[in-house]
Structure formats: C-alpha cells, structure tokens
Amino acid sequence: MSRSWRMSLLTLLALSKSRPWEPLLVLLSVTLAAAGLSAVTLINEGAGKGKLASADSAFAGNYQVTARDEMQPLQQADYAALRRQGFAELVAVARHTLPVSCDTGSEATNLNIVAVDTFALATRVSSNPAQQLGAVPEARAIVSPATWRALQCSDEALMVNQSLRLTRIITDAAAPPRTVLVDIATFYQPPHTLTDYPLTSLEFLTKDNDAQLDRLRQALPSHLSLLPPQPTANTGSLSDSFQLNLWAMGMLMAVVCLFIIANALHLMYRARLPTLIQLRQLGIGVRILGLALLGEMVGLAIFGSTLGVIGGAWLTRALTPTLQDTFSSLFGVGFFGPDALIPALLLKGWAISALAITLVSLLPLRRLNQQLIMRSTPVTGLTSGLRLLFTLVLIILCTVATALPWSAFTALLSVVVLLTSGCGMVLMWLPILLNRIRQLVPARFPLAQWSIASACELSQRTRLAVCAFFIALTANTGMNVMTDSFRQATADWLTQRLVAPVYAYTESLPDEQGKPAGARVYPGYRQRLELKQGPVVARAYYPQSPFIQAMVFNSTSDNAWQAFSYGQGVFISQQLAFRQGMTLGDSLTIDHPDLATRSSLKVVAIYPDYGNPESQLLLPPQAFTAKASQFASVVAATPAPDDPQYSALEAWLASQESNVRIYDREQLISLSMQTFDDTFVVTDALNIATLLVAGLSFLLSVSLLTMDSQPQFSLIRSLGVSASALKRALSAQYLLLCLGTIALALPFGILLAWTFIERVNRFAFAWVYPLKIELPVLLGSALASLLVVSLFLLIPIGRLNARADLSNEAPL
Amino acid sequence: MIKRLLLVLCILTGCSPDNQAVAPGNSLFAGASTGKTANVTPAATPVLPGDHRSHDAYQLEWWYLTLVLNDDQGEPFAAQFTLFRLLTGPDNSDWSTAQTYMAHVSVHSQRHHWFGERFARGGVGNAGIEEKPFAAFMDDWRWQATSHELFPSTLSFSPAAGVQLTLDLTQHGPYAMHGDNGYSEKSADGRFRSYYYSQPFIQASGTLTLPSGQHSVSGNGWFDHEWTSALADQDALGWDWFSLHLDNGDKIMAFRMHVNDATPYVTGTYVTREGQSHHLDSNDIDLQPTATLSVAGRTMPLNWHMVIPSEQVDIQLIPFKTDQYNRAQFPYYEGRMQVSGTHAGSGFMELTGY
C-alpha cells in the first residue's frame, strides 16, 4: 500500500509541476493566513504584556493610601508611622509631571516622573545589598525604549526640571511609556523637596488580605484615606479595541484564505480528473488516491505555514518600534517586542494549518471520490421555490443572529452568521441576477449575450472564489463604514464638547490673582464610587453657559438640566447605562461620605463618552465636598493665539506652574483625529491585504477556467469576431461578475457595519455611535475592489491565446 | 506584573540577582562608603551608657542580639535580632540621610527556620536608633528599653506570617569590653579593628508564637555592639565568630578573622561568671574546624574544637541543627551551637565569607 501511495504522490507532484497555479495558490493562501495569524498573535501578546507592565497597571490592583485633601498632603512622617505600626507592605511613591530634556540642552518634554522608595521593595527581589546600600554617586533612571527614542538624546543622561541630572539611563520595555522611573532619594535631591513635590501615594503591596486591610483602615489618621484598586477588568480600553480589531481581521483573513484554498482544490481536482481516472484504471484504490491528495495538501500546508510563521514573526519584529511608539503615544501602555518562540509557533502553525487544510479538503475529496467511483449525474439547480425558501431562511437567520446577541462572543458569532448567509445569498442569486441582465440585452448583440451567459456559468463553477471575494469585500465595506461612522461621531463629539478656544493642563488649582480679564477658573472635581454593580467615576459638570451648549446627549428626559442643577437628577454615560442596564427615569443610589448629594438621584440624561473604559456619571459641582479629588479647568473668553490677551493668559498660567502646556482647540481636535486614524492603520492594512488576496484568487480561478474555454474562443474567432472584440467581451464578463458580487456585498457590508457598532462594540466596550452611510465610503470600497480586479484582469486577458485553434483539444 | 516592575526597580537600584554561593574571599560590606569616615583609635574607647547610641561618622555599625531559648518542655529554639547601619552616601537628599539600615530577624526551631530581612534609609523615620529611652527598630521590629540603658527592655518581632517573638530582657552581669577596653584588633597588623563591647549576661523570657502553637520560652541572650570604619575592605574576606554560655556561668567570645594573603587571626574574650573579662590573643586560644558540611550549596566548617589552656577549656562545638543559614540578600550562617567537653553549654556561631 505504501508503494501505491508513494507512486500516487509522485504522480500528483508531477502534475503540480505541469500545472502549478493551483498548488501555488494553496501555498500562497496558507502562507498568508499563517503570517497574518502569527503576526496578530505576537502583536496582541506584546500588547498584553505591555499593559501588564505599565506602572499604572503594575500599581493598579493595589490599594493606595492618599491624602483626602491637598491642604493636608501625605507626609513622610505618615509613611514612617504606618510602617512602624507594622504595615511594612507600604511603599512610598511620588508622581509628578515635569519637563525632561537631554543633558545636552534639547527642548524639554513633559514626562511622568515616578519616584519610588526602592528600599521598601528590596526584600521582594533578589538584590545585592552592598550595592543597594551603597549610595550610587551617579543617579540612574529607567525609561521605556519608545520614550528614550522619542527624547533623541545622544548621551545617556537626562535633565529633569532643569536641575536634576540623571545619568546611567537604562531602557527597559517593562517601564511604562512617557515615564521616568527613579529612586525616591535620588528624586528628592535639590531643588526637589517634599514640600514642593509631596508624596502622592503609599502603595499597599499585599493582595487578598482583608484583615490587614481592615487594620490599615483603622490605623489611618483622619487626613488620609484608603482607595480601592483601579478597575483592572477588561472594560474595553482603546488598546483593547485595537487588539480586538486585529483579531477580527486576522480571523477574517484566515477564513478568506480557507475559501481560496477550497476553491483552488476544487479546480485542481477537476483538472487532474483524467489522470486520476487513469490511476484508478491501473488499480490504485480510491482511498490511496485520497490519502495521496491529502498528503500533498498537508505537505503544502506545512511548507506554507513555515514560511508564514517566519514571515509573521519577522513582520512583527520589524513593526515593533512602530508598535511601541503607537501603543505608547496612543494608548499610554507599553508594547513588548515579542519573544517569538519560533519552534512553538511553528508547531502551532503546522498543527492548525494541517488540520484546517484537511477539513477544507474533505468536501472536494468527497466529490472527487464520487467522480472516481461512478459517473455522477448532473446536479440540477435549485428550483425557484426552494431558492425563495432558502432566502427566507437566511433572512430570518440574519435577523435573529443580529437581534439576539447578549455578549461580545455571541455578537462575533452573529458576524459569522451574516457573512455565511451572505455567501449563501450570493451563490443563489448571482447567477439569477446575471441571467436577468442577459435577458435584458437585445439579441442583436450576440457577443454581449454570450459574455453575460459565460459570466453566469463561471459564477456557478467558481462559487468558492466568488464567496471569498464576497466575504473580503463585505468585510472591507463593513469596516470602512464602521470606522467612518466612528470617525464622524468622534469629530462631531469633540467639536461640540471642546467649548473653549484654548485648554491648559495643570496639576493644581491656579491662584486667581493676576488672572487676565475674561478668564474664569472652574474647579473640577472627581470622586471614585462603588455602585451596586461596580465602580464609577463621578465628575463635576457646570450647568451653565457655555457648558450646557457643549454637552452632547444620546437621550434626555424633560427638564433634564433643571433637575440636574437642583441636585435631583444625574447624567450617566453610555458605558454606565449599558453595564448596569439603566435607562432614563431609573433611580441611582449614591452613598459616599465625600459627596454632598441626595442618596437617590434620577437618571435624566445619558451621554456618549467615546473611548472611556470607565463608567462615569456627572453631578453639579455643589455635590462635591472639599475632600473630593480636584483639578482645574480654565475657560478663557478670549483668545486666539494671535490675540494679545492670549500671551497674558499664557504668562499667568506659567506663573502658576512652570512649563504648563496650552493647546488650542483646533490643535486638540487635530491631534485626536490623527490618533484615531493611526489606530486603524494596521487593521486597514490587513483589510486591504485580504481584499487583494481574495481578488487575486477570484481572478486566478476565472482565468484558469477561461483557459478551459479555449475551444469556445476558437469557435467564436472562426465566426469572424476579432481578437480585440473577444478580449473586450471577456473583460466585460469579468467586470460584470465583479459588479454583481459588489452589488450584493454592499448591502451586506452596511449590515455588517451596523452589527459591528450596535452589537460587537456594544457588548465588548459598552458604547455605540450612530451609523453613518456615506456614499463616498461605499463607492470607495466598490472602486477599490474594481481597481483590484481591473489590475488582475491583465493576467487572463494578456494570456489569452486569441488565435483560432481548430484542434478541439483542450490542454490540461 | 509586580515582579516585572520590581525587576525594573532592581535595575534602578543597581542590584543584580545574586543567588550564587559566596565564594570565600567576598567582603560582606564591600559596598559601604569609602569616603571620609571616622577612624578607630585606641585613644577613644567606648564609654557606657552613652556609646549605646549610633556612631554616624563611622562606616559600619551593628546592634546584635542572639538568644538561646528553651520552652517549658525543654524544646530548644534560637533567635536573632540585628540592626546594621551603613554610611552609604552623600547627605543631600530631602528624603533621607547618608545612613542606610538593614535588619535581620530569625527564629529557629529544630525543624524550621523563619527569617526576615528589611532595608530602610536613615532619616525617613521607620528605622534607626533612639537614645532616650534606648530603642533599636526597623518598622515594627523593635527592641525597646525603658531608659537610656539597654535593660530592662522588650524585644518584639515577626520574621514571617504566623510567627511572633516577644521577650522581656534583663541583665544580670556587667558589660564586657573586648580587646583593649573596647578597642578590638582583628588582624595581626591591626589594620582591621573596631570598637566592640558585649553584654553576655542577658536573661530572656517571653512568648514564641509559631504556626504550630504558642510556647513560653526563656534562656540566655548575648548582645554585641560594634562600630568601625576599618572592616569594609576587599582584603577582609570574612570571619568565624562564637559567643558561648558555659554551664558554670562563664562566657566566651572567640573571633577568627580571614584576611587576604594572611593566616586566619584568632582573638577572643573570656568572661567569668562574676563579670571579669580578660582578652585572649592567638596564643591563648586555639580554634579549629573539625568537620565541614554542605549547607545551601556551600561547604562550611560547622563543627569546631576550641581550647583555652589558661581556663582549662577544651570543648567541642556542634550546631544544634545543620541548616541555620540566613538566606539574606547577602547570606551568611548564624545559628545555635551545643557545647560539650570540659564544659557544657550553648551559644551562637556566625560564619561569613563562605
């Protein structure tokens, strides 16, 4: 048996050499799918590690002791007293935003300086105490590689606040982005003092010790409070959105590649049928032939996935600096260049691709087996009644699938159902559509009629390639509509919410003395709460002009602003509404000692809060006591940057805090939209790659089948049709096929975009935005695919042998 | 994630994973400051009780309590409380002074060892020495006297979760000044020296709480206070130190210093039960290891033979259990010893540099 199998395999390999397009297409598809999935896996792994390693997330998950009131800040004596009481798990941390420049005097950039009492951490790592206890004459600091690159320092030294020189800079991917980690004693060298730059928190590095937490709460003096850990649940931050996008595109690419492989297998087996029949006649069993074909496919899968995994790992490594910069600047988390364990990845790639290609091969193999055993009777198409019935079933299925999801996973399943149903619709209705078009063409254009009829027949013979093209195009359209809707919603929201001409960010409330005329200071308040279903951040919002005009709502009840300003109503964010199942009119119970508000408030409005992973609610300023965390908002009636009062405002703000940064409104909007666009760059690239591959597969299938039609061309040529007319007819045939697919893909693309927004985004990230269908976006997707097709049309058209050939022999 | 940040901070403070065995010849305090420090001279010998305080101008200093304890059923225990001070850096930070503190606490039962180690900077307020009344503390590990004298006092620490030692300490004899009235030379050429005195006559009683239960314990304690700027040297390779409580009430301190390119130098002090001390130099005391054993991947001389002809002392010293290794960031051996031979008793042994 093994001899027969070996002989069959060798025969198949010889056939591959003589007709290489189909095996190459399989190889290319496997390579691309493996590369895409490997890259996505490694990128998401790096992003995941980066999130975990960022300082905020390293201290997140820990309780923090902080000052209740900035008038009575956290002191070193508080720290010492608590440690003497036995709370040796406390670590003093001071966080301040300060200008950092290269030692050579470059322009300063504001970075987060995180000064940590490393001695308190010493027993948690293995360290050499002699070195640790010995004072290091040269101060050292740690920054992330992305931050170091952004600083562009030629020597390994930094200047903090134009006064503290840090040498021996160490870059480590574990360091959080835009942050300089430094030992606390080093930081508090002159001119930094505990008075001017106080401690900000004591981190309590013990988990799951309720007894110790209770002891700590009771031991705290009145001016200190114990804050619960920041929520670390996957509440859908912007980086999670990015990762989910990547996964979705990676999976889509893999699915499209599977379709391409199935189509290529179908064509391959059809072309090899005569040879396979001969092998059967020589006594080779059907099972042996099937195993030989599978063996060939598995070999291609292993070879292709090897290339793909190596390519994907190489691509990820090459993209690592860009990804580090992207994650750092966009998401505020680090990105770890992946430790691509190539052997492990290869094993996974081989296993998955071998399994996938085996599964995909089953159906074509089964059909081949039937053809080898007996002459199959022609399969008749669906009757119109059955077609309508199936269409109805698919419509009901789509409706149920999109209406029913209750989680992110079921929402993604509904996407799968949509795409599969769309494929079914295409397979059923594309030939019908093309046939109807043919019937509309007058009989005096026989070439046109032949062209359309041929397209109709091609659509049936190359179903899988059409499906792959349809899925890629639908996904492309859906993603484009979704991101365009998101972009528009974000731009509109920002434009309305950013009410002031300029914005400045300061760490504390400014002293109003010297404030320029026309500028008003609005103290901001923020307080973390625990509602019955989870944590929420309460923020103050001023119920007066211009803030009333700036507010955007999803829904409001009557007299919402009146109820809000009188302290009877509360505005909640979309995230809070979705997560806690709240609607207008519901009551919300707030119980916090640092809030002066009624315990029961009515929800009078729901507002969008795009991209915020936390649930949020708004209260009027009088609801906050002095103990709530404070920041400052300054709204100036003035100025444009060229207004004389602008410089007065700038000077006043600079006198409060050195190196305060001022952004004008347009600058902020532009920066935000640039960030938005950058977020989707990678997924756009994957999208286009998928479309290209699907288009290539589609055209290759068509061109291969076209070659089988050589006798037809010869006949047509012999009837007097010129070569150029024949090529034009073929071009029209392919474009018609493409246009028919596009016509069906566009409405599904819109439906897919709606599903992404109202279901996937809703359940994954707890917010939605309006679907905007813009004709240019739809046309853009359609034209992009037409362009792809047109470019690839050169292949079959160029290869066409338009000379008359009366031999009536179809080449293999 | 904490580990990742802590590794980052480890880089920050210049540490490096050091799980390798300390090869003979590694100086314990090589990282201490070699800048301008006070000198140890024979002219300025310790005066008590004033010199119980911290001597910040000197490079190194420690307050070292070792206790041999037994419970009501005679089950043996050992305990250690040590506060080290090192002069490590310039005094220009608003956060801390130039001093650094390291504290070790340890409890041994026959089958278990609980060890704790902490670090702190001077001037923060959570570690240091107080004079009136006397206290030596690191966070909640505290040795607290009732006056500027060391005794009576209370010792309280917890080396690990579920383990707590609380002892009342009293003295029943005078302090012992080592060397020449507290000026102690540790090498033949006098290059290595310190100010060194002990209180060997400590009575301890109290409660030891272990995961297995609570024990009423009592026993003998020994206190060492030593300070120097002449020990943190690359040629100071380590030492072997013994403090012994003989059953007849006499006390012995023996110290064998290992110096690079020199034979080990032995000194000691014999203290009678009446409290009279006389210095032992290398001609008066013979101290030799008799057996080496492997502990924590290191070969260490755990069994010893000590002979002091002038006092008719010929004793064997054997640890009450083999593994009494302090797995600190810079590890060393510190444990209870059994005395047999011409005299019986118990005590402590410390081995560094192996």
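We name chains A, B, ... by the order of the sequence lines, and we start the count at 1 in each one. Heavy-atom basis, side chains included; hydrogens, waters and symmetry copies ignored.
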(message) Go through it in stages, so that I can follow the logic: the residues are B:D94 and A:Q76, the test is side-chain contact (heavy atoms from CB on, under 4.5 Å), and I'd like the CA-CA distance, side-chain angles, deciding distance and then a yes or no.
(response) CA-CA 10 Å; B:D94 197 32; A:Q76 188 187 52; over 6 Å; no
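- Relative ring orientation between B:W95 and A:Y188 is described as parallel, the plane-to-plane angle staying below 30° on a 0-90° scale split at 30° and 60°.
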(request) Show your reasoning for whether side-chain contact (heavy atoms from CB on, under 4.5 Å) applies to B:N126 and A:Q85. (result) CA-CA 10 Å; B:N126 66 312; A:Q85 290 178 60; over 6 Å; no
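- B:S93 contributes atom OG, which lies 8.0 Å from atom CG of A:D183 (distance to the nearest 0.5 angstrom).
- Only the side chain of A:Y79 comes within contact range of chain B, with heavy atoms under 4.5 Å apart.
- By the 4.0 Å N-to-carboxylate-O rule, A:R83 lies close enough to B:D139 to be salt-bridged with it.
- The CZ atom of B:R121 lies 8.5 Å from the CD1 atom of A:I184; values are rounded to the nearest 0.5 Å.
- The two residues A:R84 and B:G125 come nearest to each other via the heavy atoms NH1-O, 2.6 Å.
- For A:L82, no part lies near chain B; criterion is any non-hydrogen pair under 4.5 Å.
- Options A:A94, A:A185, A:A80 differ in how many heavy-atom pairs under 4.5 Å they form with chain B, and the most are formed by A:A185.
- Neither the backbone nor the side chain of A:A77 comes within less than 4.5 Å of any heavy atom of chain B.
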